[in-house]
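Below is one structure, written out as structure tokens; the observations come after it.
Source: prediction; values computed, not measured.
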Amino acid sequence: MSRMPRTRTKPEMSLRRELHRRGLRFRVNHPGLPGRPDIAFTRARLAVFVDGCFWHLCPQHAVLPKNNATWWREKLHRNVQRDREKDEALAALGWTVLHVWEHEDPVAVAGIVEQHWRARCRSDATAWPVT
């Protein structure tokens with residue numbers, strides 16, 4: 001398990017390329033935030049996590065291993081629980097959290113992320129006093 005890549009996975013890189021192509025700029029694995037989001041838009045306070053189907057129990061593709069099934073079930077359920085805890089911590093800091101699955105189309109996901117980014121930036125712009 002230690003050899004499994006934690007960053008720069010193929011689905012994450014595809015999404016990052018598409019977001020960058022659209023002109024969106026972001027921080028990668030922001031160390032100052034709970035859970036170190038894969039992609040963080042600091043101005044919009046938008047955190048994006050690209051979740052692996054196996055590790056985060058995708059409803060479409062999750063398969064529990066047959067060997068050592070109890071240990072794996074507990075481990076994977078703890079991953080999902082940890083996801084919810086970091087989501088709550090980010091929400092408490094005023095961040096919006098998006099989780100996307102590794103099997104989702106990066107172009108479609110980038111469109112969703114861009115919509116959230118634009119909505120968050122628009123709402124932040126109205127919060128500033130106009131002089």
From Arg43 atom CZ to Arg25 atom CZ, the distance as rounded to the nearest 0.5 Å: 13.0 Å
Option from Asn29, Val113, Leu15, Val100 for which side-chain contact (heavy atoms from CB on, under 4.5 Å) with Ile39 holds: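 When Asn29, Val113, Leu15, Val100 are each tested with Ile39, the side-chain contact (heavy atoms from CB on, under 4.5 Å) holds only for Leu15.
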List the atom of [X], the atom of [Y], and the distance in Å for their closest heavy-atom pair.
X: Lys75; Y: Trp55; value: CE-CZ3, 3.9 Å
X: Arg22; Y: Ala110; value: NE-CB, 3.6 Å
X: Gly35; Y: Lys86; value: CA-CD, 3.7 Å
X: Ala47; Y: Trp95; value: N-CE3, 3.8 Å

Salt bridge (Lys or Arg N to Asp or Glu O under 4.0 Å) between Glu88 and Arg84, worked out: CA-CA 6 Å; Glu88 290 171 7; Arg84 300 304 149 245; over 6 Å; no
Between His56 and Asp83: side-chain donor-acceptor atoms closer than 3.5 Å: yes
Test item: side-chain donor near acceptor, Thr96 and Arg45, under 3.5 Å: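 On atom types as modelled, these side chains do not qualify, holding no pair under 3.5 Å.
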side-chain contact (heavy atoms from CB on, under 4.5 Å) between Leu46 and Phe26, intermediate numbers included: CA-CA 10 Å; Leu46 176 63; Phe26 46 84; over 6 Å; no
Evaluation steps, side-chain contact (heavy atoms from CB on, under 4.5 Å), between Leu76 and Trp71: CA-CA 9 Å; Leu76 297 176; Trp71 183 86; over 6 Å; no
Residues Phe49, Leu90; criterion side-chain contact (heavy atoms from CB on, under 4.5 Å); working and verdict: CA-CA 12 Å; Phe49 292 92; Leu90 284 163; 3.8 Å; yes
If two hydrophobic side chains count as joined below 4.5 Å and joins carry through other members, does [X] share a cluster with [Y]?
X: Trp117; Y: Val28; value: yes
X: Val48; Y: Ile112; value: no
X: Leu19; Y: Leu98; value: yes

Beyond-backbone contact of Lys10 with Met13, side-chain heavy atoms, under 4.5 angstrom: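 With C-beta onward as the side chain, the pair stays apart.
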Report, one line per pair, each donor and acceptor closer than 3.5 Å where one atom sits in a side chain of residues 58-69; sequence neighbours left out.
unit_1	atom_1	unit_2	atom_2	d
Gln60	OE1	His103	NE2	2.8
His61	ND1	His103	ND1	3.3

Test salt bridge (Lys or Arg N to Asp or Glu O under 4.0 Å) applied to Glu102 - qualifying residues, sequence neighbours left out: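 For Glu102, no residue satisfies salt bridge (Lys or Arg N to Asp or Glu O under 4.0 Å) once neighbours in sequence are set aside.
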Worked verdict on Arg78 versus Glu85 for salt bridge (Lys or Arg N to Asp or Glu O under 4.0 Å): CA-CA 10 Å; Arg78 178 64 185 128; Glu85 291 168 1; 3.3 Å; yes
